[in-house]
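Here the structure is a predicted model, which means the values were calculated and not measured.
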Amino acid sequence: MRAIVHSTTKAAWGFCVFTLAIVLPALVQAQSADDAQSVKALTISSSGALLTLQGSDLFAMEGGTSTKIALPATDQSAQPTTLARGADGRVYLAGPGLGVWRYDGAGESWQSLNNTLPDLGVTAMAAHATQPGTLYAYLGKDGMFRSRDGGAEWVKVDSGPQEPVQAFLHSDMPGSMESGWLFAGTTRGVSRSMDCFCFWGDAGDLRGKVSAISYNPAAPENVYAVIERQLHHSADGGETWTSLKVPQPVTALAFSPSQGLVVGTANGNLLARGAADEWTPVHE
């Protein structure tokens, strides 16, 4: 894997050397769309199935077959908005009023991971790209929490970026003083920090409310973000961004080992990006 050198990044984080530093790999997230059929979140199961959150329903799509997965029984005010897959293949669900839950595929059941969180107001979560059981959750004014034991114990580690976080990602992109990087999609743009939590700074000059963020685990310097349903791509770890044309409004993102970049749309469709940058329906 090619190491990346960010000249501006090194300058911004140079002082981290003097501080004590204390998945899935892709996390995919989107805010609720106006259309109930809009794809709110996407991730990939350990078997390679696409998991899609649409409205209040969760589906597993594999080989052209779609199977509905019952969501955890929670208060009606709960809003599932985030799906993530851990480095061990486990699937997580989170959202405001819902907190964080882990899916047991064998038992087809959900386990609450909320015992040590201060409240259930999770607006974004991520799983560590390479460390099974390491999870991150953002709770607005309560700040950013991390668990190293699969959600049994959560510890506050940071206040997070200055702006509220809507989407969250951990990446194993090279160049970190610790084990990787955190990318936060905020109401202002994309913010970035090494996972030592020593400094949050702008990832380039992309501006707007980020509703979804993902990256390519095979080439982690490639980061993707959605602003106002428009897809943007950075090939240098967030230093610079370009807009990508997609035939439908984009609401969610995921990376499939077999299909590459997959987007969920406001129309409820899943589109895969081909080698020639064309977009084709998934499983058709």
Side-chain angles (χ1 to χ4, degrees), residues 1-2 4 23-31 33 35 37-54 59-66 82-85 91 126 129 166-173 181 183 185 189-190 203-204 206 208-284:
M1 185 177 293
R2 177 173 60 87
I4 301 174
V23 110
L24 133 94
L27 166 134
V28 182
Q29 171 180 334
Q31 292 300 100
D35 187 347
Q37 296 304 310
S38 174
V39 179
K40 293 164 60 178
L42 279 174
T43 195
I44 310 297
S45 74
S46 57
S47 68
L50 276 167
L51 301 181
T52 70
L53 184 64
Q54 293 180 255
F59 300 92
M61 180 180 290
E62 190 168 18
T65 300
S66 181
T82 302
L83 288 171
R85 184 171 72 109
V91 173
Q166 311 294 311
F168 204 15
L169 165 71
H170 183 276
S171 163
D172 57 348
M173 184 177 74
W181 298 80
F183 289 84
V190 179
L206 188 64
K209 182 177 179 180
V210 179
S211 58
I213 190 166
S214 188
Y215 84 118
N216 183 351
E221 64 272 22
N222 286 275
V223 185
Y224 298 82
V226 176
I227 293 180
E228 296 182 359
R229 302 189 179 186
Q230 300 295 314
L231 180 61
H232 303 268
H233 170 229
S234 173
D236 52 14
E239 292 294 316
T240 59
W241 297 85
T242 58
S243 178
L244 297 180
K245 291 184 178 180
V246 184
Q248 298 178 27
V250 178
T251 55
L253 303 170
F255 256 90
S256 165
S258 60
Q259 299 179 80
L261 179 62
V262 176
V263 303
T265 76
N267 302 335
N269 297 318
L270 300 178
L271 305 176
R273 186 186 184 196
D277 292 338
E278 79 281 4
W279 296 90
T280 58
V282 172
H283 297 308
E284 284 192 9

Residue list, side chain to side chain donor-acceptor pair (under 3.5 Å) with [X], at least two apart or on another chain:
X: Glu62; answer: none
X: Thr65; answer: none
X: Thr240; answer: Asp236
X: Ser47; answer: Ser45

Nearest 0.5 Å please: distance from the [atom1] atom of [X] over to the [atom2] atom of [Y].
X: Trp279; Y: Thr265; atom1: CH2; atom2: OG1; result: 11.0 Å
X: Ser256; Y: Arg273; atom1: OG; atom2: CZ; result: 14.5 Å
X: Leu244; Y: His232; atom1: CG; atom2: NE2; result: 8.5 Å
X: Asn216; Y: Met173; atom1: CG; atom2: CE; result: 13.0 Å

Can you see which heavy atom on [X] is nearest to which on [Y], and at what distance?
X: Leu271; Y: Pro247; answer: CD1-CG, 4.0 Å
X: Glu239; Y: Ser234; answer: N-OG, 3.7 Å
X: Trp241; Y: Ala203; answer: NE1-O, 2.9 Å
X: Ile227; Y: Gly208; answer: CG2-CA, 3.8 Å
X: Ala254; Y: Ser214; answer: CA-OG, 4.2 Å
X: Leu51; Y: Ala60; answer: CD2-CB, 3.5 Å

When you measure from the side chain of [X] to the backbone N and O of [Y], does any donor-acceptor pair fall under 3.5 Å?
X: His170; Y: Ala129; result: yes
X: Gln54; Y: Gln37; result: yes
X: Ser171; Y: Trp181; result: no

Is there a side-chain contact between [X] and [Y] in this structure, where contact means two heavy atoms from C-beta onward sitting under 4.5 Å apart?
X: Leu231; Y: Leu261; result: yes
X: Thr251; Y: Lys40; result: no
X: Pro281; Y: Asn269; result: no

key: Derivation and outcome, side-chain contact (heavy atoms from CB on, under 4.5 Å), residues Ile213 and Val223   = CA-CA 7 Å; Ile213 190 166; Val223 185; 4.2 Å; yes
task = Using the test side chain to side chain contact (heavy atoms under 4.5 Å, CB included), find all partners of Glu228 that sit at least two apart in sequence or belong to another chain.
result =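 Counting only residues at least two positions away or on another chain, Glu228 forms no side chain to side chain contact (heavy atoms under 4.5 Å, CB included).
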ask   = Who passes side chain to side chain contact (heavy atoms under 4.5 Å, CB included) against Leu270, sequence neighbours left out?
value =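 Side chain to side chain contact (heavy atoms under 4.5 Å, CB included) check on Leu270 returns Val39, Leu42, Leu50, Thr52, Met61, Val262, Val282.
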Kindly state each residue pair satisfying salt bridge (Lys or Arg N to Asp or Glu O under 4.0 Å) with at least one member in [range], sequence neighbours excluded.
range: residues 255-267; value: none
range: residues 243-257; value: none
range: residues 253-262; value: none

message = The criterion is ring-ring contact (aromatic ring centres under 6.0 Å, His included); which residues satisfy it with Tyr224, sequence neighbours excluded?
response =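 Applying ring-ring contact (aromatic ring centres under 6.0 Å, His included) to Tyr224 gives His233, Phe255.
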